[in-house]
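Just the heavy atoms: all of them, side chains too, but no hydrogens, waters or symmetry mates, feed the values below. Chain letters run A, B, ... following the sequence lines, proteins first and then strands; every chain starts at 1.
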2 protein chains.
Amino acid sequence: MTTQTAIDNFVNRCRTLGLSVTPQRLAIFKALIDDHSHPRPEDIYKKIKAEHPTISLATIYKTLETFEKHGIVSVVTHLHNTVRYDPITEPHHHVVCVKCNKIIDVIDPSLNTIKVPEHILQGNELLGYSIHFNVICSECRLKETN
Amino acid sequence: MTTQTAIDNFVNRCRTLGLSVTPQRLAIFKALIDDHSHPRPEDIYKKIKAEHPTISLATIYKTLETFEKHGIVSVVTHLHNTVRYDPITEPHHHVVCVKCNKIIDVIDPSLNTIKVPEHILQGNELLGYSIHFNVICSECRLKETN
DNA sequence: TTATTAATTAATAATTGTTATCCAATAATA
DNA sequence: TATTATTGGATAACAATTATTAATTAATAA
């Protein structure tokens, strides 16, 4: 998909969602679309500031949250707000509620045998891998229906 | 493993590592050992304060970092310091350098067919899953040898 | 078009999470 | 016991995020 069609899709998507396509939103989307570095809000802010000198960092935050809520962009992990410690040091996995950030251990040996793509091992030292099963947990689902 | 043997192991482990087993460290370890909620440093602080009224939150942070460095505890994700956005919304995975927090996309359909344990689907709404391949990247490995 | 209302943005303050600093206290070792 | 290294506590500094509020802009109806 070309950058232009991605932008067109974005615009259509916004219209469908009832989101106005403001210059700020467009700029933020453009800043992200061909960026494979998984930038922080701050990074996007810096990238955009030259062309949009009056944009506020808070706008970047809010816009990205809006985009995420509507599936226009994604976050690499929902557990980015604070460190969470685990007494288990053996390889295992986690269920993560994207609403309340509850974390539950998943200890299942069958998940420890996935085939690691070759290219990951090129140059890097693999320490292990961990699977995040992103869910809306039962408690949060109940709350949602209210 | 009983709590007591876990504590014994901890004490031995510290001795081997040349870490003194202080009351604070013991308290922090104990607070974590049977806690499956994946607590934040703040949570541990609150849990301990009654018995250790003089302990500082900074000590909790420092101690947990020390523990993590020596493999006594683990962190649920290394990407806990800031949000990272991704223009890709389709299911995919990531290589994460635990030193520099660089993130690289892993798009490999064979990783999208893992068998999700049944119990995860009980009550929860599964949105998807994402694998973090934790590595020390080539750049950081080079830096380390200095 | 203009008036009205709703949505969005900017500026900034406040809050939260984390780290650094510095000194005191404690532990390890000579 | 004396000396040195490690650890901890208090607090300041810093970084990331969120909340607040007012101004601006966009959408909609008259």
N/O contacts under 3.5 Å, protein versus nucleotides 18-27 of chain D?
{"from": "D:dT18", "atom 1": "OP2", "to": "A:Glu65", "atom 2": "OE2", "distance (Å)": "3.1"}

Atom CZ of B:Arg84 and atom P of D:dT17 are separated, to the nearest Å, by 11 Å

Separation of D:dT17 C1' from A:Asp43 CG (nearest whole Å): 15 Å

Quickly work out the B:Arg40 CZ to C:dT16 P distance and round it to whole Å. 11 Å

Kindly assign one of parallel, tilted or perpendicular to the pair B:His93 and B:Tyr129, based on the angle between their ring planes and the thresholds 30° and 60°. parallel

For C:dA24, the nucleotide meeting Watson-Crick or G-U wobble distances (both under 3.5 Å) is D:dT7

May I ask you to evaluate whether B:Thr82 reaches the phosphate of D:dT17, defined as a side-chain N or O under 4.0 Å from OP1 or OP2? yes

Rounding to a whole Å, what distance do you find between B:Gln24:CD and C:dT26:P? 9 Å

What does A:Thr59 touch in the nucleic acid at a heavy-atom separation under 4.0 angstrom: a base, only the sugar-phosphate, or nothing? base

For A:Gly18 and for B:Leu19, locate the closest nucleotide of DNA chain C by heavy-atom distance; then report the residue assigned to the nucleotide nearer the 5' terminus. A:Gly18

Contacts of type side chain to side chain contact (heavy atoms under 4.5 Å, CB included), residue A:Lys46, not counting sequence neighbours: A:Arg40, A:Glu42

For the backbone of A:Val75 and the side chain of B:Asp86, can you confirm whether one donor and one acceptor N or O come within less than 3.5 Å of each other? no

